[in-house]
Amino acid sequence: MDEARPITATDMPKAFDPQAIEAGWYARWEQDGLFVADATSDKPSFAMCFPPPNITGELHLGHALQTAVYDTIARYKRMKGFEVLFLPGYDHAAIATQNVIEKQLAKEGTSKEQIGREAFNARVEQWYEQTGATIINQLRLLGASMDWTRLRFTMDSRYYRSVMTAFVAFYEKGWIYRAPRIVNWCPHDRSAISDLEIEWQEHQDTLYFIKYPIEGGGDVTIATVRPETMLADTGVAVNPQDKRYKSIVGKTAVLPLVGRKLPIVADDAVEMEFGTGALKVTPGHDALDYEIGQRHSLELVNGMQVDGSMDAPGLPYDGMPGLEARAAIVEALKKQGLIVKEEPYTHEVGHCDRCHAVIEPLVSEQWWLRMEEMRDNAVEASSSGKVRWHPEKYEREYLDWLHGLHDWNIGRQLWLGHRVPVYRCPNGHVTVSVERPEQCAECDQTELEQDPDVLDTWFSSGLWPFATLGWPDQTEDLEAFYPTDVNCTAREIIRLWVSRMIMTGLEFMGEAPFSDEVIHSVVQAADGRRMSKSLGTGVDPRDLLSKYGADALRAWATSVAMSTQDVRFDESRVEGYRRFANKLWNATRLVLNSPGEQTAQAPGFIERQEHLEDRWILARLANAAEAISNGIEQFEFQESINAGYAFAWNELCDWYLEAIKDRLRDGDPAAQDVAYFCLDNLFQLLHPMMPFVTEELWSRLPGERGYVMQSGWPELEGRFVDPDAEEEFGQVIKIVEEVRGHRTAAGAPPRGGSIVLDGSVSETVAGLAAKLAHVDLVEEMGSGGVPLAVVSGRVAFPTGTGDARRDKERKRLQADLERTEERLSNPDFRDKAPAEVVANLEARAEELREALERLTAGQ
RNA sequence: GGGCGGCUAGCUCAGCUGGGAGAGCGCCAGCUUGACAUGCUGGAGGUCGGGGGUUCGAAACCCUCGCCGCCCACCA
């Protein structure tokens with residue numbers, strides 16, 4: 001034992017000020033290397049690669065919530081004795097970042113085309129630096145215990161090499177091919193995008209009914225919302241079952257304005273109920289039409305430029321923007337009397353989820369990745385339980401999507417991103433290589449031109465869990481930390497990201513990249529709208545941090561992260577946790593300020609004491625510890641924060657500290673021991689969720705102390721089990737609450753009065769109850785006072801009687817008793833309910849009868 | 001057109017395998033109680049969306065209807 005040290009003096013102000021301590025602790029943690037993972041450690045490893053935020057701007061509240069979840073797990077696992085790797089990074093987010101910078105350029109009155117590639121790249125670099133720094137700073141403010149020595153960026157040179165390696169590996173397997181297909185074309189970005197990058201918006205449009213003449217007489221009327229695409233029509237289709245059109249199948253229609261001959265074909269894909277049941281087929285600009293065209297060998301005409309304007313040489317519409325052409329074409333058709341009808345029509349139109357331009361489906365030559373084998377392996381990994389989903393339902397959603405998976409368009413026609421490592425020589429040979437090749441693989445040409453396309457951002461981020469660890473090199477990190485353990489995201493990127501990580505992880509590493517996938521809730525604005533900067537509904541996490549502190553924000557985040565529905569942001573709940581931190585602060589202040597020479601004790605020291613309240617609070621502490629551990633283990637963080645809050649405030653502060661105040665004042669070492677033990681353990685238990693305040697307070701407790709995160713996790717299971725103490729202290733609480741009720745009803749002052757309790761409660765219970773209820777425990781009080789219901793006894797105050805309350809209480813008890821007896825009198829209940837349930841109810845009825853008797857007898 | 005989730009106190013949400021309806025904030029009343037007024041004490045407030053069903057017993061399980069939200073889908 002260390003020498004005695006006085007702990008009466010403290011320098012703690014009355015109120016907890018998060019700002020005063022947070023930065024200091026973070027710097028110390030980092031300086032002392034608490035976040036740095038050791039790949040050579042003997043401890044069991046636990047790894048998480050933080051989902052790299054897009055380097056498009058500042059972090060929002062959703063990121064803060066996600067960070068809180070991750071960091072809670074990371075700190076908990078460190079305390080449990082794992083060698084934890086919590087790896088940070090960010091994502092270049094090619095298309096998104098390009099759009100951000102293009103918007104900036106537009107504001108400055110210029111464009112990327114005007115400034116050129118080189119200047120554009122410089123802007124990008126500058127942006128990376130600035131925004132990367134902002135993101136890192138925000139993560140630090142949140143207390144994220146990330147290993148900054150391993151910070152990764154999807155565009156850093158090592159990561160670039162991983163991406164190239166993956167491409168070449170896929171290419172060599174024959175899974176990557178180039179082919180023209182119908183794709184989603186963004187005319188603003190002038191790039192293809194995948195199905196997953198489309199956002200659908202409702203549009204009010206017009207459905208035009210257009211008459212197409214048929215060779216040899218007659219006509220057929222089709223319906224379309226996009227008349228401008230008719231310039232690229234190459235057929236007309238009807239349903240084979242459709243009796244109305246049986247006679248025209250096989251004939252040829254003539255395309256108005258153009259004069260092209262259109263074979264009339266029969267295809268099951270045509271809906272008879274829609275429009276007229278006849279469909280104009282435009283294989284070059286509609287996905288369904290493309291398929292029909294393939295089936296019937298229809299001609300493929302491209303009617304649009306990469307910027308969305310019309311490509312119709314020889315026609316007056318050539319070069320017109322799409323909507324302008326639509327108007328002109330409708331006008332021309334009207335003149336010819338070919339517009340039969342116009343109807344208002346509401347439907348969903350695809351937009352680019354980054355620049356919001358309307359997507360034009362068109363046929364384009366693209367890089368494709370075959371997915372069959374990876375998909376099958378991912379499905380197999382699921383059925384053999386390699387990845388556990390929380391909540392489970394998301395696994396089905398993911399599997400449903402996997403089952404319908406088709407080849408992935410991995411090419412993008414952007415300025416920003418990982419260039420496809422495909423090189424062509426003047427002789428037309430193709431060389432595919434991780435590093436830029438010196439010369440052609442097939443001839444001696446050295447002037448090689450690299451393919452202009454870049455890769456889909458998700459191609460690179462899909463490699464995250466192993467590319468960050470050094471793959472394709474067999475690094476120590478990869479050896480020690482792959483597969484990782486937990487991944488946590490919002491559900492919106494399950495398909496885009498989670499699925500790709502699982503597939504590529506299985507492909508390149510032979511193992512799923514993590515064992516648990518946790519899907520957290522989405523934070524909405526207070527009014528239920530989406531939180532977004534452009535709507536003005538966003539909340540900056542830094543504002544909340546400065547108002548309430550990181551611990552409060554994190555505690556709130558853990559309390560809502562696993563909600564089954566999206567959560568409306570409620571600032572008052574964050575404020576509630578700030579008050580909680582303040583409560584912890586003041587509870588500690590109370591105990592630290594207790595007088596007396598106290599032996600500086602080792603953390604975790606406890607000598608079992610015999611006071612009822614000591615036994616009770618230790619039993620409750622063990623109970624809370626179990627709930628908190630379970631909550632984190634099972635990814636039900638609300639259980640953890642709720643249990644910690646309830647124990648700290650409603651048991652420790654409300655009852656225990658009140659019960660031992662006089663003992664603390666007297667310098668009773670037993671009371672101090674137990675109080676310190678509770679605080680010590682409580683701060684450890686809350687540390688994963690509220691790291692700053694717990695570190696600060698824990699460090700102020702007596703004894704030599706390092707950091708909470710290195711102090712181990714409280715293992716209290718099986719310790720302090722004490723049903724008798726819980727039962728007896730429960731009596732104390734009931735008596736005190738009843739006395740307080742009478743006091744209020746009587747309008748008596750907060751203190752004073754007397755209580756008499758007969759032998760049905762122990763002296764200990766009687767003494768504690770009297771102390772906490774601020775009444776004198778007396779032997780005898782004659783006929784004065786009012787009878788108690790919970791135990792046999794009477795209480796009296798200097799003023800008032802409290803009879804009103806007694807009547808009310810009697811009515812309540814009476815009603816309760818009647819309900820209980822009714823249930824008990826049901827023979828079916830006695831027959832069929834478990835004996836324990838019946839016994840409990842009988843005991844309750846007995847209690848109620850006794851309580852009523854006491855009230856009545858005492859009149 | 002399919003699928004999923006939600007509907008619990010004025011607001012935001014807990015309530016995990018069916019056995020006495022909870023928290024925070026807000027509201028009312030009272031307290032400068034030797035840690036905390038960022039506090040303490042007492043209190044009001046709920047047909048657990050509606051209706052059926054299963055069960056001795058349903059907020060919880062089943063069916064159905066109604067709103068709200070999300071996802072998927074090749075009706076042009």
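Quick note on labels: first sequence line is chain A, next is B, and so on, each numbered from 1.
- Closest to the side chain of A:Leu657, out of B:rC56, B:rA35, B:rC31, is B:rA35.
- As the counterpart of B:rC67, B:rG6 is assigned, both hydrogen-bonding distances of the Watson-Crick or G-U wobble pattern falling under 3.5 Å.
- Here, B:rC36 and B:rC71 have their C1' atoms 47 Å apart, quoted to the whole Å.
- When the nucleotides B:rA76, B:rC25, B:rG20 are ranked by their closest atom to the side chain of A:Arg579, B:rC25 comes out on top.
- Aromatic pair A:Phe580/A:Trp556: ring centres not closer than 6.0 Å.
- The side chain of A:Glu737 lies closest to B:rG42, out of B:rG42, B:rU33, B:rC36.
- In this structure, of B:rC16, B:rU12, B:rA14, it is B:rA14 that holds the atom nearest to the side chain of A:Gln565.
- The residue A:Phe580 sits apart from the nucleic acid: no heavy atom pair falls under 4.0 Å.
- Within the shown strands, B:rG43 is the pairing partner of B:rC27 under the Watson-Crick or G-U definition, both distances less than 3.5 Å.
- Using a 4.0 Å heavy-atom criterion, one finds that A:Pro749 contacts no nucleic acid atom at all.
- The interatomic distance linking A:Arg396 (CZ) with B:rC72 (C1') rounds to 12 Å, in whole Å.
- Atom CD in A:Glu658 sits about 14 Å away from atom C1' in B:rC31, given to the nearest Å.
- If you look at A:Tyr345 and A:Phe274, their ring centroids are closer than 6.0 Å.
- Within the nucleic acid shown, A:Asp566 comes within 4.0 Å of sugar-phosphate atoms alone, with no base atom in reach, counting heavy atoms only.
- Checked for salt-bridge contact, A:Arg830 and A:Glu842 meet the test: a charged N lies under 4.0 Å from a carboxylate O.
- A:Ala287 comes within 4.0 angstrom of nothing in the nucleic acid, heavy atoms only.
- Regarding A:Asp831, its CG atom lies at a distance of 14 Å from the C1' atom of B:rG57, rounded to whole Å.
- Taking the six-membered ring for Trp, A:Phe16 and A:Trp585 have ring centres closer than 6.0 Å.
- Side-chain proximity of A:Lys583 to B:rA14, B:rA35, B:rG24: nearest is B:rA35.
- Across the protein-nucleic acid pair, A:Arg665 atom CZ and B:rG34 atom C1' stand 6 Å apart, rounded to whole Å.
- As rounded to whole Å, 15 Å separates atom C1' of B:rC4 from atom CG of A:Leu399.
- To the nearest angstrom, C1' of B:rC74 lies 10 Å from CG of A:Leu279.
- Between A:Glu575 atom CD and B:rG39 atom P the separation is 9 Å, expressed in whole Å.
- Look at A:Thr282 and you won't find any side-chain N or O under 4.0 angstrom from OP1 or OP2 of B:rA76.
- Side-chain nitrogen and oxygen atoms of A:Lys661 include none within less than 4.0 Å of the OP1 or OP2 phosphate oxygen of B:rU33.
- Contact between the side-chain N/O atoms of A:Tyr394 and the OP1/OP2 oxygens of B:rG5 is not found at any separation under 4.0 Å.
- A distance of about 11 Å separates the P atoms of B:rC48 and B:rU8, rounded to the whole Å.
- Counting non-hydrogen atoms under 4.0 angstrom, A:Arg226 reaches nothing in the nucleic acid.
- Salt-bridge check for A:Glu575 with A:Lys547: failed, with every basic side-chain N at 4.0 Å or more from each acidic carboxylate O.
- Between A:Glu737 and A:Lys734, no side-chain nitrogen of the basic residue sits less than 4.0 Å from a carboxylate oxygen of the acidic one, so the salt-bridge criterion is not met.
- Side-chain N/O atoms of A:Arg830 include none lying less than 4.0 angstrom from OP1 or OP2 on B:rC56.
- Look at the C1' atom in both B:rG24 and B:rU38: the space between them is 14 Å, to the nearest Å.
- For the pair A:Thr744 and A:Glu348, both in contact range of RNA chain B, the more 5′-proximal nearest nucleotide belongs to A:Thr744.
- Pair assignment for B:rC61 gives B:rG53, based on Watson-Crick or G-U wobble hydrogen-bonding distances that are each under 3.5 Å.
- Comparing atom distances between the A:Arg495 side chain and each of B:rC71, B:rC56, B:rC75 picks out B:rC71 as nearest.
- Residue contacts shown for A:Val270 include a base, since a base heavy atom lies under 4.0 Å away.
- Using P as the reference atom, B:rG46 and B:rA23 are 15 Å apart when rounded to the nearest Å.
- Among the atoms of the strands shown, none is found under 4.0 Å from any heavy atom of A:Asn840.
- Distance, A:Arg663 CZ to B:rG34 P: 20 Å, rounded to whole Å.
- Look at B:rC13: its Watson-Crick or wobble partner, with both distances under 3.5 angstrom, is B:rG22.
- If A:Glu636 and A:Asp195 are placed on RNA chain B by their nearest nucleotide, the residue sitting closer to the 5' end is A:Glu636.
- Nucleotides B:rA29 and B:rC68 place their P atoms 39 Å apart, quoted to the nearest Å.
- Residue A:Trp401 places no side-chain N or O under 4.0 Å from the OP1 or OP2 atom of B:rC4.
- Between A:Arg226 and A:Glu360, at least one side-chain nitrogen of the basic residue sits less than 4.0 Å from a carboxylate oxygen of the acidic one, meeting the salt-bridge criterion.
- Using a 4.0 Å heavy-atom cutoff across all strands shown, A:Trp649 reaches sugar-phosphate atoms only and no base atom.
- Closest approach to the A:Ser572 side chain among B:rC25, B:rU41, B:rU33 is made by B:rC25 (side chain taken as heavy atoms from C-beta onward).
- For A:Arg823 and A:Phe829, the positive end sits near the middle of the six-membered ring, less than 6.0 Å away and at most 45° from its axis.
- Under a cut-off of 6.0 angstrom, the local environment of CZ in A:Arg530 is sparse, with at most 12 non-hydrogen atoms contributed by other residues, nucleotides or ligands.
- Among the heavy atoms of the strands lying under 4.0 Å from A:Ser563 are primed sugar atoms or P, OP1, OP2 only; no base atom is included.
- Taking atom P in both B:rC67 and B:rC61, one finds a spacing of 23 Å when rounded to whole Å.
- Residue contacts shown for A:Asp286 are absent, as no nucleic acid heavy atom lies under 4.0 Å away.
- The side chain of A:Gln638 has B:rA14 as its nearest neighbour among B:rC75, B:rC36, B:rA14.
- B:rG1 is paired with B:rC72 under the Watson-Crick or G-U wobble criterion, all donor-acceptor distances under 3.5 Å.
- Across the C1' atoms, B:rC27 and B:rA9 are found 11 Å apart, a figure rounded to whole Å.
- Minimum atom distance to the side chain of A:Arg568 is reached by B:rU12, of the listed B:rU12, B:rU41, B:rA76.
- B:rA14 and B:rG22 are spaced 7 Å apart, taking the C1' atom of each and rounding to whole Å.
- When heavy atoms are screened at a 4.0 angstrom cut-off, A:Val225 is found touching the sugar-phosphate backbone but no base atom.
- The phosphate of B:rC25 (OP1 or OP2) has no side-chain N or O of A:Arg573 nearer than 4.0 angstrom.
- Using a 4.0 Å heavy-atom criterion, one finds that A:Tyr548 contacts no nucleic acid atom at all.
- Nearest nucleotide to the A:Asn586 side chain, out of B:rA76, B:rA35, B:rC56: B:rA35.
- Donor-acceptor pairing under 3.5 Å is lacking for the side chains of A:Gln638 and A:Glu636.
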